[in-house]
Novice: 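First the structure, then my questions, so here it is.
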Amino acid sequence: YPYAKGEAKVKINNSVKSVRAYAFYKDTTQSEADLSDYIVEIDFSNVEKIGAYAFANRDAIGAVQLPSTLKDLAATAFYDCINISAYRIADNENFVSINDVLFSADKKTLLAYPVGNNSPSYTIPEGTESVADYAFMNASYLNEVKFPSTLKTIGDYSFHKLVMLENVELGNSLESLGKYAFANCVSLENIRIPDNTIDSIPDGAFTCCDGLFDFKVPYGVKSIGEEAFRENAYLVYIDIPETVTEIKTYAFYDMDNLTEVEIPATVTDFGKEIVTICNENDPGKVTLFVTEGSPAEEYAKTYNIPYEFN
């Protein structure tokens, strides 16, 4: 689609069944980014499929009226469309809109929250089992999200960049958490994940959450992923349970106020740099507390990380 066409309303031809990936994508890295973003409304006619990033970065789009013919919607179809105020759809076998939020037809999966909605709070309905990838990404007005007891799965980047979100209380039904699920939630102060729910803290899950002071890794977690807590500037304490056997590269990297981490003897698999490793002239300020004779002691010796026995 030509950047400078200048149409506020785009009508897709009745014969078109698919809007392909990147079809109306606005490339914010190119000179065209200086042009006004004209597209405010889209008439999808008989479209059945909307591909990845099809309307990405189109920040003039407001309410989205999806067609009754729609069968397939990519999670990133409206990526970074920061002013979408509502998702609406009628008489569709695959999707339903509940209070302007898009769900699967069975209402078990929340697919897309309108990030331009200026409400400070949202309650995910009971019965919801999954929050899809990117579902709330960039919902910058939300400082509170209430999670249902039925929630099992949180997808990749689901709550990425909710810059006002302060508190997360997840329920006992939770089974999995996606990569970078809460990354860049810079106001996040408290996260509660019950024991014996998820089995991993995935890559980047809580990176750049500068409001965190401490974090309790839930009992039952076996793996802490790459960059899981990277660049949490004010986090000073992490409680790691004995169920953890793996800590991946950069898990606790670039954390300005972290001075010590107690590593259980159960951890046998380490990434190359789980904490920031400094050179001889600038000794590392993070001390690992390890069990004598454990793999953690050997790891600390190998990478010249200060350690003490617990």
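This one's a predicted model, so the numbers in the text were calculated from it and none came from an experiment.
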Novice: Using a side-chain heavy atom cutoff under 4.5 Å and only I, L, V, M, F, W and Y, what cluster partners does Tyr141 have?
Specialist: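 None; Tyr141 is a cluster of one.
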Novice: Evaluate the side-chain proximity of Phe95 to Leu73: yes if any heavy-atom separation is below 4.5 Å, no if none is.
Specialist: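 They are in contact (side-chain heavy atoms under 4.5 Å apart), so the answer is yes.
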Novice: Of all the heavy-atom pairs spanning Arg88 and Ala63, show the shortest one and how long it is.
Specialist: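 Minimum heavy-atom separation between Arg88 and Ala63: NH1-CB, 3.8 Å.
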Novice: Could you name each residue pair satisfying side chain to side chain donor-acceptor pair (under 3.5 Å) that touches residues 104-113, not counting sequence neighbours?
Specialist: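 Side chain to side chain donor-acceptor pair (under 3.5 Å) check on residues 104-113 returns Ser104-Asp106.
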Novice: Just to verify, what does Tyr180 make a ring-ring contact (aromatic ring centres under 6.0 Å, His included) with, not counting sequence neighbours?
Specialist: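 Result, ring-ring contact (aromatic ring centres under 6.0 Å, His included) vs Tyr180: Tyr157.
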Novice: So, Asp59 and Asn83: side-chain donor and acceptor under 3.5 Å apart, yes or no?
Specialist: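 No donor-acceptor contact under 3.5 Å links the two side chains.
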Novice: Please name the residue in the list Asn138, Asn184, Val186 that meets the side chain to side chain contact (heavy atoms under 4.5 Å, CB included) test with Val163.
Specialist: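 The single option meeting the side chain to side chain contact (heavy atoms under 4.5 Å, CB included) with Val163 is Val186.
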Novice: Please say yes or no: joined through hydrophobic side-chain contacts below 4.5 Å, possibly via intermediate residues, are Leu188 and Phe213 part of one cluster?
Specialist: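 No, Leu188 and Phe213 fall in different hydrophobic clusters.
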Novice: Please check this pair: side chain of Thr153 against backbone of Ser130, looking for a donor-acceptor N/O pair closer than 3.5 Å.
Specialist: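 Such a contact is absent between Thr153 side chain and Ser130 backbone.
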Novice: Please report the interatomic distance CG(Leu177) to CD1(Ile191), rounded to the nearest 0.5 Å.
Specialist: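 One gets 9.0 Å once the value is rounded to the nearest 0.5 Å.
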Novice: Side chain of Asn232, backbone of Cys209: donor and acceptor closer than 3.5 Å?
Specialist: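 Looks like yes, one N/O pair under 3.5 Å.
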Novice: Say whether Phe24 and Ile42 are linked into one hydrophobic cluster, either directly or through other cluster members, by side-chain heavy-atom distances under 4.5 angstrom.
Specialist: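 Yes, it is one cluster - the side chains of Phe24 and Ile42 are joined through contacts under 4.5 Å.
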Novice: Counting only heavy atoms from other residues, nucleotides and ligands, does the tally under 6.0 Å from CG of Asn13 exceed 12?
Specialist: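 For Asn13, atom CG is crowded (more than 12 foreign heavy atoms under 6.0 Å).
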Novice: Backbone N or O of Tyr87 within a donor-acceptor pair of the Ser97 side chain at under 3.5 Å?
Specialist: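 Checking the backbone N and O of Tyr87 against the side chain of Ser97, a donor-acceptor pair under 3.5 Å is found.
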Novice: Check step by step if side-chain contact (heavy atoms from CB on, under 4.5 Å) holds for Leu66 and Leu102.
Specialist: CA-CA 10 Å; Leu66 295 166; Leu102 190 67; 3.9 Å; yes
Novice: Mind checking whether Leu174 and Phe147 sit in one hydrophobic cluster, side chains of I, L, V, M, F, W, Y counted as touching below 4.5 Å?
Specialist: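 Leu174 and Phe147: one cluster.
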Novice: Does Thr287 use its side chain to pair, donor to acceptor, with the backbone of Tyr307 at less than 3.5 Å?
Specialist: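 Side chain of Thr287 to backbone of Tyr307, a donor-acceptor pair under 3.5 Å: no, none is there.
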Novice: Does NZ in Lys11 sit with more than 12 non-hydrogen atoms of other residues, nucleotides or ligands closer than 6.0 Å?
Specialist: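 Yes, the 6.0 Å shell around NZ holds more than 12 heavy atoms from other groups.
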Novice: With a 3.5 Å distance limit and no angle check, can you tell me whether Ser294 reaches the backbone of Val290 through a side-chain donor-acceptor pair?
Specialist: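 No, the answer is negative, given that no donor and acceptor are paired below the 3.5 Å cut-off.
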Novice: For the residue pair Val217 and Ile224, establish whether any side-chain heavy-atom pair is separated by less than 4.5 Å.
Specialist: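 Of all side-chain heavy-atom pairs linking Ile224 with Val217, at least one is under 4.5 Å.
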Novice: Less than 4.5 Å apart, any side-chain heavy atom of Tyr237 and any of Leu258?
Specialist: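 Side-chain contact under 4.5 Å: no.
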Novice: Test side-chain contact (heavy atoms from CB on, under 4.5 Å) on Val286 and Thr259; report intermediate values, then the result.
Specialist: CA-CA 4 Å; Val286 180; Thr259 59; over 6 Å; no
Novice: Distance-only, no hydrogens or angles: does the Asp256 side chain make a donor-acceptor pair with backbone N or O of Ala233 under 3.5 Å?
Specialist: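 No: the side chain of Asp256 does not pair with the backbone of Ala233.
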Novice: Are Tyr303 and Val275 connected, step by step, through hydrophobic side chains (Ile, Leu, Val, Met, Phe, Trp, Tyr) whose heavy atoms are closer than 4.5 Å?
Specialist: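 Shared cluster, yes.
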Novice: Supply the atom-to-atom distance Leu142 CG to Asn118 CG, rounded to the nearest 0.5 angstrom.
Specialist: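 Between atom CG of Leu142 and atom CG of Asn118 there are 10.0 Å.
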Novice: Is Tyr234 reachable from Phe215 through a run of I, L, V, M, F, W or Y residues, each pair having side-chain heavy atoms under 4.5 Å apart?
Specialist: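 Different clusters: Phe215 never reaches Tyr234 through Ile, Leu, Val, Met, Phe, Trp or Tyr contacts under 4.5 Å.
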Novice: Within the 3.5 Å criterion, strictly below it, is a donor on Ser119 or Asn117 matched to an acceptor on the partner's side chain?
Specialist: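 There is no such pair between these side chains.
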Novice: To the nearest 0.5 Å, how far apart are CG in Leu70 and NZ in Lys17?
Specialist: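 Between atom CG of Leu70 and atom NZ of Lys17 there are 12.0 Å.
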Novice: Quick one: CD1 on Ile82 to CE on Met137, what's the gap to the nearest 0.5 Å?
Specialist: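 If I round to the nearest 0.5 Å, the distance is 11.5 Å.
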Novice: Using modelled atom types only, decide if a donor and an acceptor are shared between the side chain of Glu126 and the backbone of Ser149 within a distance under 3.5 Å.
Specialist: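 Between the backbone of Ser149 and the side chain of Glu126 there is a qualifying donor-acceptor contact (under 3.5 Å).
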Novice: With rounding to the nearest 0.5 Å, note down the distance linking CD1 in Ile238 to CD1 in Ile263.
Specialist: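 Between atom CD1 of Ile238 and atom CD1 of Ile263 there are 8.5 Å.
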Novice: Within the distance-only criterion (no hydrogens, no angle test), does the side chain of Asn92 pair as donor or acceptor with the backbone N or O of Ser68 below 3.5 angstrom?
Specialist: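 Yes; judged by distance alone, with no hydrogens or angles, the pair exists.
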Novice: Keeping to residues at least two apart or across chains, list the side chain to side chain donor-acceptor pair (under 3.5 Å) pairs with something in residues 198-216.
Specialist: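 Every pair satisfying side chain to side chain donor-acceptor pair (under 3.5 Å) with a residue in residues 198-216: Asp195-Lys216.
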Novice: Under 6.0 Å from the ring centre and within 45 degrees of the ring axis: does the NZ or CZ of Arg230 meet both conditions for the six-membered ring of Tyr250?
Specialist: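 Judged by the rule (NZ or CZ under 6.0 Å from the ring centre, within 45° of its axis), Arg230 counts as positioned above Tyr250.
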Novice: Would you check if the side chain of Arg192 reaches a backbone N or O of Val168 as a donor-acceptor pair within less than 3.5 Å?
Specialist: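 Side chain of Arg192 to backbone of Val168, a donor-acceptor pair under 3.5 Å: no, none is there.
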Novice: Of Tyr79, Tyr22, Phe78, Tyr25, which is the lone residue that meets ring pair (Phe, Tyr, Trp, His ring centres under 6.0 Å) with Phe55?
Specialist: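 It is Phe78, the one option of Tyr79, Tyr22, Phe78, Tyr25 that forms the ring pair (Phe, Tyr, Trp, His ring centres under 6.0 Å) with Phe55.
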Novice: Just how far is it from atom CD1 of Ile154 to atom CG of Leu110, taken to the nearest 0.5 Å?
Specialist: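 Those atoms lie 11.0 Å apart.
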Novice: Can you name the ring-ring contact (aromatic ring centres under 6.0 Å, His included) partners of Phe182, sequence neighbours left out?
Specialist: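 Once residues adjacent in sequence are excluded, the partners of Phe182 under the ring-ring contact (aromatic ring centres under 6.0 Å, His included) criterion are Phe159, Phe206.
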Novice: Please identify each residue that fulfils salt bridge (Lys or Arg N to Asp or Glu O under 4.0 Å) with Lys222, with sequence neighbours left out.
Specialist: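 Scan of Lys222 (salt bridge (Lys or Arg N to Asp or Glu O under 4.0 Å), adjacent residues dropped) gives none.
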Novice: Please check: side-chain N/O of Asp133 versus main-chain N/O of Gly155, any donor-acceptor pairing under 3.5 Å?
Specialist: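 Answer holds: no.
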